[in-house]
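Please read the structure below before turning to the comments.
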Amino acid sequence: MSLSKKMKCSEESTSRNFQEWWTFKYGMIFKNNKALCVLCSESVVCRTSSVKRHFETIHKTLLTKSADELKCFISRALSNKEAQSDKLIKFVKKSDNLVSASFDVAKSIAIRGKPFSDGDFIKMSWLDCADNLFQDFDNKDAIIQRIKDLSISRNTIKERILNITSSARLSIISRFCINDEVREELIKLASIPAKTTGENICEVVVNVLEDIGLNLSKIISVTTDGAPCMIGKDRGFVNLFSKKIGHPLIGFHCIIHQEALCAKDGLLHLIGGLPGIVKVERSLASGLG
């Protein structure tokens, strides 16, 4: 092998090793033989070019920050990441079988893409059949009590899934017209770094839409799940997004969540399965670019 080829192989081998300086320059940590971004929880191969491309593409808004500001921002993200991991570890260590079981139910719901509120339905179903199912068990009453004690409400399932995934996810859907045909497509299931505030959600949505080349000025309405961080008067996503694109937007409440509100005091309990849903609608003259 020639000297030049040996040098090239040596450089490639070195570039595929995790570099510690990536952490405070690009927000990367080493996990499962890959570089993991603490800002969005996405994995990247251990190569400087790939790590840099990820940062400059997904987190390009951070490029305007000074070196000190960027270092502080990444330090906070690292602290949040470590706090989440420590919280989950401590939670599982001190947990009993009930907590472990609730994590199993949450994982099953997440994998199958079911609504968070299905936890309540699962628990009711178990209780409805438990009396007959465990009729010949000596400890039937103890089993039924254990099911009653199992916490798998909507909020519990949401928290369990967030602890498992370590980051909130935002579903961004676009509804648009091509000639006389109305279409609706999922643009991206995006990670939300740090907290799920209106500012963070707005930043993620704007970055995603700009990355695909969408003309923001042609967006005419927004449909959300009605959460305070979405529709807050001053710092809600809709208000901030409207200021960002430079014109007022027509706000709608997701029909699934409207049904949930209507049925809140009844038997039916429908609720969305994602921490946040944003649907943007473009005018008839809309298009990419």
Side-chain angles (χ1 to χ4, degrees), residues 29-32 34 36-43 76-171 189-197 200 225 227-229 256-257 260 263-265 267-277:
I29 59 175
F30 186 67
K31 187 174 183 180
N32 297 330
K34 287 189 175 183
L36 177 69
C37 179
V38 298
L39 303 177
C40 66
S41 298
E42 292 190 12
S43 296
R76 288 197 298 270
L78 283 168
S79 298
N80 291 335
K81 186 74 174 179
E82 291 172 358
Q84 288 174 349
S85 299
D86 291 343
K87 181 181 178 182
L88 180 57
I89 291 172
K90 292 177 181 178
F91 201 20
V92 173
K93 280 184 177 178
K94 72 177 183 179
S95 67
D96 54 14
N97 293 335
L98 286 172
V99 175
S100 298
S102 69
F103 270 102
D104 291 334
V105 174
K107 181 179 178 181
S108 179
I109 288 176
I111 290 174
R112 291 166 177 79
K114 297 297 183 180
F116 295 162
S117 58
D118 272 12
D120 289 323
F121 172 73
I122 292 171
K123 184 173 181 176
M124 282 194 304
S125 299
W126 286 347
L127 290 174
D128 288 343
C129 69
D131 193 58
N132 290 323
L133 184 62
F134 303 110
Q135 185 63 45
D136 55 342
F137 281 52
D138 294 335
N139 61 338
K140 182 188 75 172
D141 291 340
I143 294 174
I144 293 177
Q145 185 59 49
R146 180 62 64 87
I147 296 174
K148 289 180 179 179
D149 292 339
L150 180 61
S151 179
I152 48 177
S153 65
R154 178 189 182 277
N155 288 335
T156 300
I157 293 297
K158 174 186 174 182
E159 292 302 320
R160 296 287 189 263
I161 292 176
L162 289 178
N163 279 326
I164 292 171
T165 60
S166 297
S167 66
R169 311 288 276 183
L170 181 73
S171 176
L189 186 60
S191 297
I192 305 178
K195 298 179 180 179
T196 53
T197 63
N200 290 336
D225 58 5
C229 62
I256 296 177
H257 295 83
K264 194 170 184 179
D265 296 324
L267 296 177
L268 186 61
H269 227 30
L270 297 175
I271 203 71
L274 293 169
I277 297 177

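We count residues from 1, following the sequence as given. Side chains are part of it too, since the values below use all heavy atoms of this structure and drop only hydrogens, waters and symmetry mates.
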Rounded distance (nearest 0.5 Å) linking atom CD1 of I147 with atom CG of L98 = 10.5 Å
Just by modelled atom types, is the F121 backbone N or O under 3.5 Å from a matching donor or acceptor in the S125 side chain?
-> yes
Between CD1 on residue I111 and NZ on residue K114, distance to nearest 0.5 Å = 13.0 Å
Give, for atom NZ of K140 and atom CG of D131, the distance between the pair rounded to the nearest 0.5 Å.
-> 4.0 Å
Establish, for the pair R160 and F103, whether the NZ or CZ atom is under 6.0 angstrom from the six-membered ring centre and no further than 45 degrees off its axis.
-> yes
Between the CD1 atom in I144 and the CG atom in N139, the distance rounded to the nearest 0.5 Å is 10.0 Å
Heavy-atom closest pair, residues T156 and S151 | OG1-OG, 3.1 Å
Do D120 and S117 meet the criterion of a side-chain donor-acceptor pair at a distance under 3.5 Å?
-> no
Kindly give the heavy-atom pair with the smallest separation between S102 and I157, and that separation in Å.
-> O-CD1, 4.4 Å
Does K123 reach the main-chain N or O of I152 with its side chain, forming a donor-acceptor pair under 3.5 Å?
-> no
Heavy-atom closest contact (V38 atom, A77 atom, distance) = CG2-CB, 4.0 Å
Can you tell me how far the CG atom of L36 sits from the CD atom of E42, to the nearest 0.5 Å?
-> 9.5 Å
Here the pair of heavy atoms bringing F116 nearest to I161 is CE2-CD1, 3.5 Å
Can you find a side-chain donor-acceptor pair between Q145 and D149 that sits under 3.5 Å?
-> yes
Any chance you could measure L133, atom CG, to W126, atom CH2, to the nearest 0.5 Å?
-> 11.5 Å
